[in-house]
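All values below were derived from every heavy atom in this structure, side-chain atoms included, with hydrogens, water molecules and symmetry-related copies excluded.
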Amino acid sequence: MATFVLIHGGGSSSWDWHLVVPKLEEAGHRAVAVDLPIEESGLSLVDYAESVSAQLDAAKGNSSDGDGDQLVIVGHSLGGFTAALVAERLDADGLVYVAGMIPKPGETMQEWWDATGHNALGVDAEDEQVFYNLVPDDLVVDAKAHVREETGSWMDAPWPGVGRETVTGFIAAADDLFFPLDFAKQHARDRAGVEAVVVPGGHYVAIGAPDPLANALVEFADGL
């Protein structure tokens, strides 16, 4: 059994995972979807990681349930910067990037775009379809209702992790317009040394294709 800690992407919330959580639980695992304190300006990624740890502890409560589980940290998109740090701090058994941004020690989020070659792709981040392609219309409406402002000053600060190795996976979405498949595959190879697992869907895969995403996460945990 695994406990999955699910970290949302930029400007979003734990709502992103509301279709994935029950799928993981049906498979016999535990899942904790967290809310990063993205609306509080001046916070560091260390603050984010501490918030995730606190929310995980609160989910466990006073029970010892889950103490013997394998701990898997999952980060979607921008949430990869937090997920990687949380995995280090909690000595997690596994780390999974879902269409995620993989940081390097000392690299800022702003530097990531050029360093990985993403800026050269010419992706129009102002086009909503880049993020919401293949998401049902009603879920797009709900997703927009859950958008929060991303204010963290951490984005201009060097990533504070040390790059400690853990078992790492990368899940790419076949029709992701924001992180196109070829880019995502190469990013997984370059930064994590792994081959991406490809599932159907677009960038917002957690609500666009929750079943195959959950299945891929379960398979990752089973392989630990």
Side-chain angles (χ1 to χ4, degrees), residues 4-24 31-39 48 52 73-84 96-103 109-110 112-114 116-152 155 169-188 191 196-218 220:
F4 291 94
V5 178
L6 307 172
I7 299 173
H8 60 79
S12 200
S13 71
S14 59
W15 176 89
D16 288 7
W17 301 100
H18 77 284
L19 299 178
V20 174
V21 167
K23 302 298 180 183
L24 297 176
V32 179
V34 301
D35 285 300
L36 299 179
I38 63 174
E39 293 169 304
Y48 281 23
V52 172
I73 312 299
V74 182
H76 174 237
S77 195
L78 182 61
F81 272 73
T82 301
V96 183
Y97 296 94
V98 176
M101 298 168 67
I102 306 175
M109 187 279 287
Q110 303 293 358
W112 181 93
W113 304 98
D114 276 328
T116 60
H118 187 274
N119 274 342
L121 298 177
V123 174
D124 182 4
E126 300 300 319
D127 182 358
E128 288 186 347
Q129 188 64 14
V130 168
F131 298 99
Y132 295 123
N133 65 309
L134 301 181
V135 175
D137 290 344
D138 59 328
L139 287 175
V140 171
V141 172
D142 288 346
K144 290 180 179 179
H146 286 86
V147 168
R148 298 186 295 153
E149 185 177 1
E150 186 81 41
T151 61
M155 291 182 282
F170 191 104
I171 299 173
D175 294 295
D176 191 337
L177 300 180
F178 189 52
F179 293 158
L181 186 56
D182 286 345
F183 168 83
K185 287 181 174 179
Q186 193 61 51
H187 187 46
R191 291 288 177 104
V197 173
V198 181
V199 299
H203 190 68
Y204 222 142
V205 63
I207 58 172
D211 287 350
L213 175 56
N215 290 340
L217 289 172
V218 169
F220 175 82

Quiz item: CZ/Phe220 to CZ/Phe170 distance, rounded to the nearest 0.5 angstrom?
Solution: 13.0 Å
Quiz item: Met101 pairs by side-chain contact (heavy atoms from CB on, under 4.5 Å) with which of His76, Arg191, Met109?
Solution: Met109
Quiz prompt | Donor-acceptor contact present, side-chain Thr151 to main-chain Ile38, <3.5 Å | solution = yes
Self-check item: Those residues that, when tested against Asp176, pass side-chain contact (heavy atoms from CB on, under 4.5 Å) (two or more places apart)
Solution: Ala99, Ala173, Phe178, Phe179, His203
Self-check item: Closest contact, heavy atoms only, Val199 versus Pro212
Solution: CG1-O, 3.8 Å
Check: residues 127-136 side-chain donor-acceptor pairs under 3.5 Å, at least two apart:
{"unit_1": "Asp127", "atom_1": "OD1", "unit_2": "Gln129", "atom_2": "N", "d": "3.0"}
{"unit_1": "Glu128", "atom_1": "OE1", "unit_2": "Lys144", "atom_2": "NZ", "d": "2.7"}
{"unit_1": "Asn133", "atom_1": "ND2", "unit_2": "Asp175", "atom_2": "O", "d": "2.6"}

Exercise. Could you tell me the separation between the CG atom of Leu121 and the CG atom of Leu177, rounded to the nearest 0.5 Å?
Key: 12.0 Å
Self-check item: Among Ile73, Val34, Val32, the one residue meeting side-chain contact (heavy atoms from CB on, under 4.5 Å) with Val52
Solution: Val34
Quiz item: Taking only residues at least two apart or on different chains, which pairs with a member in residues 9-21 satisfy side chain to side chain donor-acceptor pair (under 3.5 Å)?
Solution: Ser12-Asp16, Ser12-Tyr204, Ser14-Asp35, Asp16-Tyr204
Quiz prompt | Minimum heavy-atom distance Leu36-His8, with the two atoms named | solution = N-NE2, 3.0 Å
Exercise. Output all residues satisfying salt bridge (Lys or Arg N to Asp or Glu O under 4.0 Å) with Glu39, sequence neighbours left out; order by chain, then residue number.
Key: Arg148
Exercise. Kindly write out the residues that satisfy salt bridge (Lys or Arg N to Asp or Glu O under 4.0 Å) with Asp211, not counting sequence neighbours, or none if the list is empty.
Key: Lys23
Quiz item: If you take all heavy atoms of Ala214 and Leu24, which pair is closest and at what distance?
Solution: O-CD2, 3.8 Å
Quiz item: By ring-ring contact (aromatic ring centres under 6.0 Å, His included), which residues pair with Phe4, not counting sequence neighbours?
Solution: His29
